[in-house]
Amino acid sequence: MPGRPEGGAKERGLTKTENKMDTIGFIGLGIMGAPMAGHLLDAGYIVVASDHRSKPPADLVAKGLKTVSGHHAVAQAADIIITMVPDTPQVAEVLFGENGVASGLTNGKLVIDMSSISPIETKAFAKKINDLGCDYLDAPVSGGEVGAKAASLTIMVGGEEKAFERARPVFEKMGKNITLVGLNGVGQITKVANQIVVALTIEAVAEAIVFASKAGADPAKVRQALMGGLAASRILEVHGERMIKRSFAPGFRIELHQKDLNLALEGAKALGVSLPNTSTTQQLFNSCAANGGAKEDHSALVRALERMAGHGLGE
């Protein structure tokens with residue numbers, strides 16, 4: 001296969017089956033990345049990770065995850081390299097830092113960034129990878145920890161169609177709604193738009209539930225009733241329940257949603273676009289972070305509204 005390092009899978013200590021499936025390098029085995037990599041292992045892919053900062057999850061190792069030392073070694077061992085890390089600086093470090101992915105690439109490989117990062121920097125990253133004779137896709141996801149575990153993520157892809165078609169079988173093991181939306185950077189633009197909708201819907205659900213509760217209604221029963229009408233949404237279903245049950249262990253942390261809304265607001269400023277409700281919702285996230293909630297799930301935005309109302313749900 002073009003772009004593979006000299007010597008076959010056996011020579012590298014990685015047993016490759018006869019079905020010619022690509023070997024996948026996966027960098028970023030966190031809340032989202034670990035279950036995503038797990039689905040690839042379950043599908044029969046050889047998956048390689050780095051022990052760069054910590055040991056990979058034991059359950060993935062038990063499924064057959066291979067480990068190597070350093071991101072460059074992941075790139076050397078794999079045909080397709082996936083990154084799933086928190087923010088733009090981390091992607092830059094993983095790809096282009098000392099012993100980064102770029103230093104281990106050879107012609108014909110495919111780099112897929114599934115993080116949610118700057119669309120502008122994404123275009124620059126793609127050009128650098130393309131200049132090395134490799135393809136690049138930006139493929140951020142939506143669906144949170146629930147979607148990652150259920151392999152039902154929405155995947156928004158930017159890049160060339162030939163690279164997308166090569167990656168499609170891999171994406172199909174991790175998600176359900178998979179769309180090539182444009183060239184490099186457009187996947188990230190789509191994700192920013194997604195995060196605007198998600199943030200504002202969380203805020204709307206939180207407002208409605210706090211209002212109903214302070215007015216004397218049972219918020220759980222109000223949510224149940226709303227689920228049968230036009231107000232029904234996945235966020236009302238999942239995050240509304242989190243708010244009521246006070247279940248704020250992170251599926252997607254507030255600090256990460258702050259990062260995404262910063263991308264939206266910075267982009268809006270550059271484009272001369274007004275995003276008034278995005279700005280307001282960011283201030284509510286900022287309030288949560290200032291009160292120690294940066295690492296809580298983004299449904300904990302309700303806490304900011306509860307403080308403003310002088311009323312907690314269930315009181």
Side-chain angles (χ1 to χ4, degrees), residues 4 9 12-17 19-87 90-91 93-95 100-101 104-105 109-117 135-157 163-164 166-178 187 191 250-253 256:
R4 296 185 64 84
R12 298 195 312 278
L14 304 174
T15 302
K16 194 169 178 67
T17 59
N19 61 8
K20 306 299 183 184
M21 294 171 74
D22 284 316
T23 295
I24 310 297
F26 208 110
I27 299 171
L29 299 174
I31 289 174
M32 299 284 290
M36 292 163 68
H39 294 310
L40 297 177
L41 287 164
D42 291 340
Y45 284 97
I46 295 172
V47 181
V48 185
S50 171
D51 56 6
H52 177 67
R53 289 189 176 177
S54 60
K55 292 183 178 180
D59 62 325
L60 296 185
V61 174
K63 288 183 177 184
L65 180 75
K66 310 297 181 182
T67 57
V68 294
S69 296
H71 301 322
H72 69 292
V74 173
Q76 289 172 339
D79 306 300
I80 297 175
I81 301 92
I82 296 173
T83 56
M84 186 63 173
V85 296
D87 203 349
Q90 286 78 35
V91 175
E93 177 64 23
V94 165
L95 294 181
V101 167
L105 292 175
K109 297 196 176 190
L110 171 60
V111 175
I112 305 173
D113 178 37
M114 302 189 77
S115 319
S116 297
I117 68 168
D135 289 318
Y136 187 97
L137 295 174
D138 50 293
V141 303
S142 180
E145 183 182 13
V146 172
K149 288 182 175 179
S152 61
L153 293 168
T154 290
I155 306 176
M156 301 153 265
V157 188
F164 173 72
R166 179 180 177 184
R168 186 194 291 273
V170 177
F171 290 147
E172 287 174 346
K173 301 301 182 292
M174 300 182 287
K176 298 296 185 186
N177 181 22
I178 303 159
K191 178 57 187 290
F252 189 76
R253 299 192 303 274
L256 293 179

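Residue numbers start at 1 and run along the sequence shown.
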Is any side-chain heavy atom of [X] less than 4.5 Å from a side-chain heavy atom of [Y]?
{"X": "M156", "Y": "S142", "value": "yes"}
{"X": "N177", "Y": "L153", "value": "no"}
{"X": "V47", "Y": "K66", "value": "no"}
{"X": "D59", "Y": "L65", "value": "no"}
{"X": "L95", "Y": "T83", "value": "yes"}
{"X": "T67", "Y": "V48", "value": "no"}
{"X": "I82", "Y": "F171", "value": "no"}
{"X": "H72", "Y": "V101", "value": "no"}

Which heavy atom of [X] sits nearest to which heavy atom of [Y], and what is that distance?
{"X": "I31", "Y": "P250", "value": "CD1-O, 3.7 Å"}
{"X": "G25", "Y": "A78", "value": "N-CB, 3.3 Å"}
{"X": "D79", "Y": "R166", "value": "O-NH2, 3.5 Å"}
{"X": "Q76", "Y": "K109", "value": "O-NZ, 3.1 Å"}
{"X": "Y136", "Y": "L110", "value": "N-CD1, 4.0 Å"}
{"X": "S50", "Y": "G70", "value": "OG-N, 3.3 Å"}

query = Any side-chain donor paired with an acceptor under 3.5 Å for K191 and S116?
reply =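 Judged by distance alone, the side chains do pair up.
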
Nearest 0.5 Å, what's the [atom1]-[atom2] distance between [X] and [Y]?
{"X": "I81", "Y": "L105", "atom1": "CD1", "atom2": "CG", "value": "5.0 Å"}
{"X": "D87", "Y": "E93", "atom1": "CG", "atom2": "CD", "value": "13.5 Å"}
{"X": "I178", "Y": "E172", "atom1": "CD1", "atom2": "CD", "value": "5.0 Å"}
{"X": "D138", "Y": "I117", "atom1": "CG", "atom2": "CD1", "value": "7.5 Å"}

query = Counting only heavy atoms not in K63, do more than 12 sit closer than 6.0 Å to its NZ atom?
reply =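 It does: K63 NZ has more than 12 such atoms within range.
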
query = Crowded around K173 NZ? As in, over 12 foreign heavy atoms under 6.0 Å?
reply =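 For K173, atom NZ is crowded (more than 12 foreign heavy atoms under 6.0 Å).
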
key: Worked check of side-chain contact (heavy atoms from CB on, under 4.5 Å) between M114 and M174   = CA-CA 11 Å; M114 302 189 77; M174 300 182 287; 3.8 Å; yes

task = Evaluate side-chain contact (heavy atoms from CB on, under 4.5 Å) for L137 paired with V111, printing each intermediate quantity in order.
result = CA-CA 6 Å; L137 295 174; V111 175; over 6 Å; no

query = Looking at residues at least two apart in the chain, or sitting in another chain, which of them share a ring-ring contact (aromatic ring centres under 6.0 Å, His included) with F252?
reply =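 If we apply the ring-ring contact (aromatic ring centres under 6.0 Å, His included) test to F252, skipping adjacent residues, the hits are H257, H298.
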
query = Are any side-chain N or O atoms of H39 and backbone N or O atoms of K149, one a donor and one an acceptor, separated by less than 3.5 Å?
reply =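 Yes; at least one donor-acceptor contact below 3.5 Å.
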
query = Just by modelled atom types, is the V85 backbone N or O under 3.5 Å from a matching donor or acceptor in the S115 side chain?
reply =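 It does hold such a pair.
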
ask   = Pick from I24, D22, L60, I80: which one makes a side chain to side chain contact (heavy atoms under 4.5 Å, CB included) with L40?
value =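 Exactly one candidate clears the test, I24.
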
message = As a quick check of understanding, evaluate side-chain contact (heavy atoms from CB on, under 4.5 Å) for I27 and M84, giving each step before the final call.
response = CA-CA 6 Å; I27 299 171; M84 186 63 173; over 6 Å; no

